[in-house]
A.B. asks: 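One structure, as structure tokens, below. Some questions next.
The residues of the chain are indexed from 1 along the displayed sequence. Computed from a predicted structure; not experimentally measured. Side chains included, hydrogens not; waters and symmetry mates left out as well; all remaining heavy atoms used.
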Amino acid sequence: MNIANDPVSHPDALLTLVDREDNELGFASKAECHTGSGLLHRAFSVFIFNSSGQVLLQQRSQQKELWNLYWSNSCCSHPHQGEQIENAAHRRMMEELSIDCELHYLYKFYYQESFKKKGSEHELCSVFVGRHDGKVSINTNEIADWKFVATEELSRSIDECPVKYTPWLQSEWLELTENYLGVINQALGLTLNKAKTGLQIKPS
């Protein structure tokens with residue numbers, strides 16, 4: 001189900017600037033954080049699985065400044081000024097997908113990627129997973145399309161055509177499938193199996 005909502009991304013929203021050890025350094029607007037090579041700021045990514053072991057992907061809206069119409073993970077964004085990161089993840093799932101579920105923290109990583117000289121993602125990103133089997137209603141200001149896909153299918157598709165996917169999804173998915181399948185299975189009550197892939201993690 002698709003529904004049109006008011007925009008929930010605002011260029012003047014204040015994001016939290018950090019160093020690579022996640023020490024807070026101050027605040028800057030979302031626009032400032034993504035201009036040029038970007039300012040390092042706190043962010044999160046969420047992967048939602050269903051009881052069949054499929055993972056929810058979203059295609060980023062045409063309106064996005066960076067990586068518009070690329071396929072990415074279930075949900076990703078930034079905590080607002082003074083907002084706890086897991087609370088922000090729950091908020092954003094509701095804003096984008098109209099869903100909520102228990103989240104499990106996995107790990108945190110640094111990355112920096114530029115997009116067609118339009119700006120950059122420069123983030124210290126916390127990764128969460130959750131399980132949801134109910135309805136999904138997307139915010140069409142944020143998401144162009146969505147689907148549940150089998151883990152093996154996603155690994156194969158990224159391997160064969162990585163240009164369809166955001167760089168952070170590629171890095172996170174490899175990390176999840178290489179090092180966190182056991183943790184995910186235990187946390188979510190799933191039986192995900194490792195898929196063969198030629199993906200390689202880019203060095204930070």
Side-chain angles (χ1 to χ4, degrees), residues 4-47 56-85 87-89 91-97 107-128 138-146 154 157-158 161-176 199-204:
N5 291 37
D6 294 333
V8 294
S9 296
H10 304 284
D12 56 348
L14 291 180
L15 308 185
T16 305
L17 302 178
V18 294
D19 60 23
R20 289 206 189 193
E21 286 69 51
D22 205 16
N23 297 305
E24 293 190 10
L25 302 178
F27 303 94
S29 71
K30 179 183 175 183
E32 292 173 312
C33 287
H34 294 89
T35 298
S37 59
L39 302 175
L40 181 57
H41 57 279
R42 193 173 286 158
F44 60 85
S45 283
V46 178
F47 289 80
L56 174 61
L57 300 183
Q58 66 158 277
Q59 185 182 35
R60 290 164 60 82
S61 167
Q62 174 69 57
Q63 302 174 59
K64 295 284 189 182
E65 290 291 329
L66 306 178
W67 285 277
N68 58 312
L69 296 181
Y70 282 63
W71 285 92
S72 197
N73 56 295
S74 310
C75 178
C76 56
S77 190
H78 323 89
H80 293 161
Q81 183 178 10
E83 185 179 27
Q84 294 296 316
I85 197 160
N87 293 340
R91 169 182 57 79
R92 194 65 176 192
M93 286 194 300
M94 286 298 300
E95 291 174 343
E96 292 193 6
L97 301 163
Y107 72 103
K108 185 185 301 180
F109 77 108
Y110 166 88
Y111 78 100
Q112 183 177 22
E113 293 282 351
S114 296
F115 180 70
K116 299 180 180 180
K117 298 183 179 180
K118 293 184 177 181
S120 299
E121 294 287 2
H122 191 185
E123 298 183 337
L124 190 67
C125 185
S126 295
V127 181
F128 298 87
I138 63 169
N139 183 329
T140 55
N141 285 292
E142 298 294 323
I143 300 174
D145 199 3
W146 66 279
L154 178 56
S157 182
I158 295 174
C161 192
V163 295
K164 292 169 51 178
Y165 299 95
T166 59
W168 60 91
L169 168 65
Q170 297 181 49
S171 176
E172 292 165 5
W173 188 247
L174 180 58
E175 185 69 24
L176 262 62
L199 295 174
Q200 295 183 350
I201 295 176
K202 294 175 62 177
S204 298

A.B. asks: So with a 6.0 Å cut-off around CD of Glu83, is the heavy-atom count from everything else above 12?
C.D. replies: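 Buried by this count: over 12 neighbours within 6.0 Å.
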A.B. asks: Show the nearest heavy-atom pair for residues Arg92 and Cys75, with the distance to one decimal.
C.D. replies: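 It is CG-SG, 3.4 Å.
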A.B. asks: Step by step, would you call His122 with Tyr110 a side-chain hydrogen bond (donor to acceptor under 3.5 Å, both in side chains)?
C.D. replies: CA-CA 8 Å; His122 191 185; Tyr110 166 88; 2.9 Å; yes
A.B. asks: Please verify the inter-ring angle class for His41 with His78; under 30° counts as parallel, over 60° as perpendicular, anything in between as tilted.
C.D. replies: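 The arrangement is tilted - the two ring planes meet at 30° to 60°.
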A.B. asks: Given 3.5 Å as the limit, does a donor-acceptor pair link the side chain of Gln170 with the main chain of Tyr165, or not?
C.D. replies: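 Flag set: sc Gln170 to bb Tyr165 pair under 3.5 Å.
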A.B. asks: Run Trp168 and Cys125 through side chain to side chain contact (heavy atoms under 4.5 Å, CB included) and show every step you take.
C.D. replies: CA-CA 9 Å; Trp168 60 91; Cys125 185; over 6 Å; no
A.B. asks: Between Gly36 and Ser120, what is the shortest heavy-atom contact and its length?
C.D. replies: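 Closest heavy-atom pair between Gly36 and Ser120: O-OG, 2.6 Å.
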A.B. asks: Looking at OH of Tyr111 and OG of Ser171, how far apart are the two atoms once the value is rounded to the nearest 0.5 Å?
C.D. replies: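 If we round to the nearest 0.5 Å, Tyr111:OH and Ser171:OG are 9.0 Å apart.
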A.B. asks: Answer yes or no: is there a donor N or O on one side and an acceptor on the other, between the side chain of Ser126 and the main chain of Lys108, under 3.5 Å?
C.D. replies: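 Here the side-chain-to-backbone pair does not exist.
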A.B. asks: Determine the minimum heavy-atom distance between Ser61 and Ile143, stating which atoms define it.
C.D. replies: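 In this case the closest contact between Ser61 and Ile143 is CB-N, 3.8 Å.
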A.B. asks: Enter the distance from Leu69:CG to Lys164:NZ here, rounded to the nearest 0.5 Å.
C.D. replies: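 The NZ atom of Lys164 is 13.0 Å from CG of Leu69, to the nearest 0.5 Å.
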A.B. asks: Return yes if some donor-acceptor pair links the side-chain N/O of Ser74 with the main-chain N/O of Leu56 below 3.5 Å, else return no.
C.D. replies: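 Side chain of Ser74 to backbone of Leu56: a pair is present.
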A.B. asks: Between Glu123 and Leu40, which heavy-atom pair has the shortest distance, and what is it?
C.D. replies: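 For Glu123 versus Leu40, the nearest heavy atoms are C-CD1, 3.4 Å.
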A.B. asks: If the condition is ring-ring contact (aromatic ring centres under 6.0 Å, His included), which residues does Phe115 pass it with, not counting sequence neighbours?
C.D. replies: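 Listed in chain order: Trp67, Tyr70.
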A.B. asks: Any sub-3.5 Å donor-acceptor pair from Glu96's side-chain atoms to Asn139's backbone N or O?
C.D. replies: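 No: the side chain of Glu96 does not pair with the backbone of Asn139.
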A.B. asks: Taking the side chain as C-beta and beyond, is there a heavy-atom pair between Ile138 and Leu97 under 4.5 Å?
C.D. replies: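 In contact.
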A.B. asks: Do Gln112 and Glu121 touch side chain to side chain, with heavy atoms closer than 4.5 Å?
C.D. replies: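 Not touching, per the 4.5 Å side-chain cut-off.
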A.B. asks: With rounding to the nearest 0.5 angstrom, report the OG1 to CG distance, Thr166 to Asn68.
C.D. replies: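 Answer rounded to 0.5 Å: 12.0 Å.
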A.B. asks: Gln81: which residues meet the side-chain contact (heavy atoms from CB on, under 4.5 Å) condition with it, sequence neighbours left out?
C.D. replies: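 Result, side-chain contact (heavy atoms from CB on, under 4.5 Å) vs Gln81: Leu14, Phe27.
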A.B. asks: For side chain to side chain contact (heavy atoms under 4.5 Å, CB included), just list the numbers for Tyr107 and Leu176, CA-CA rounded to whole Å, side-chain angles, deciding distance to a tenth of an Å, and then say yes or no.
C.D. replies: CA-CA 9 Å; Tyr107 72 103; Leu176 262 62; 3.7 Å; yes
A.B. asks: Calculate, to the nearest 0.5 Å, the distance between atoms CG and CZ belonging to Leu57 and Phe47 respectively.
C.D. replies: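 One finds 8.5 Å between CG of Leu57 and CZ of Phe47.
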A.B. asks: Hey, what do you get for CD1 (Ile85) to CG (Leu124), rounding to the nearest 0.5 Å?
C.D. replies: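 Separation between the atoms: 8.0 Å.
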A.B. asks: After noting the C-alpha distance and the side-chain angles of Trp71 and Asp145, does the key distance pass the side chain to side chain contact (heavy atoms under 4.5 Å, CB included) rule?
C.D. replies: CA-CA 9 Å; Trp71 285 92; Asp145 199 3; 3.9 Å; yes
A.B. asks: By the definition side-chain hydrogen bond (donor to acceptor under 3.5 Å, both in side chains), identify the one residue from Gln63, Lys64, Gln58, Arg60 that meets it with Glu142.
C.D. replies: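 Exactly one option meets the side-chain hydrogen bond (donor to acceptor under 3.5 Å, both in side chains) with Glu142, and it is Lys64.
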A.B. asks: Passes side chain to side chain contact (heavy atoms under 4.5 Å, CB included), Leu17 versus Cys33? Steps please.
C.D. replies: CA-CA 8 Å; Leu17 302 178; Cys33 287; 3.8 Å; yes
A.B. asks: Which atom pair, heavy atoms only, marks the closest approach of Pro79 to Leu15?
C.D. replies: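 Scanning both residues completely, I find the closest heavy atoms to be O-CD2, 4.0 Å.
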A.B. asks: If you measure from CG on Leu66 to NZ on Lys118, what distance do you get to the nearest 0.5 Å?
C.D. replies: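 Answer rounded to 0.5 Å: 8.5 Å.
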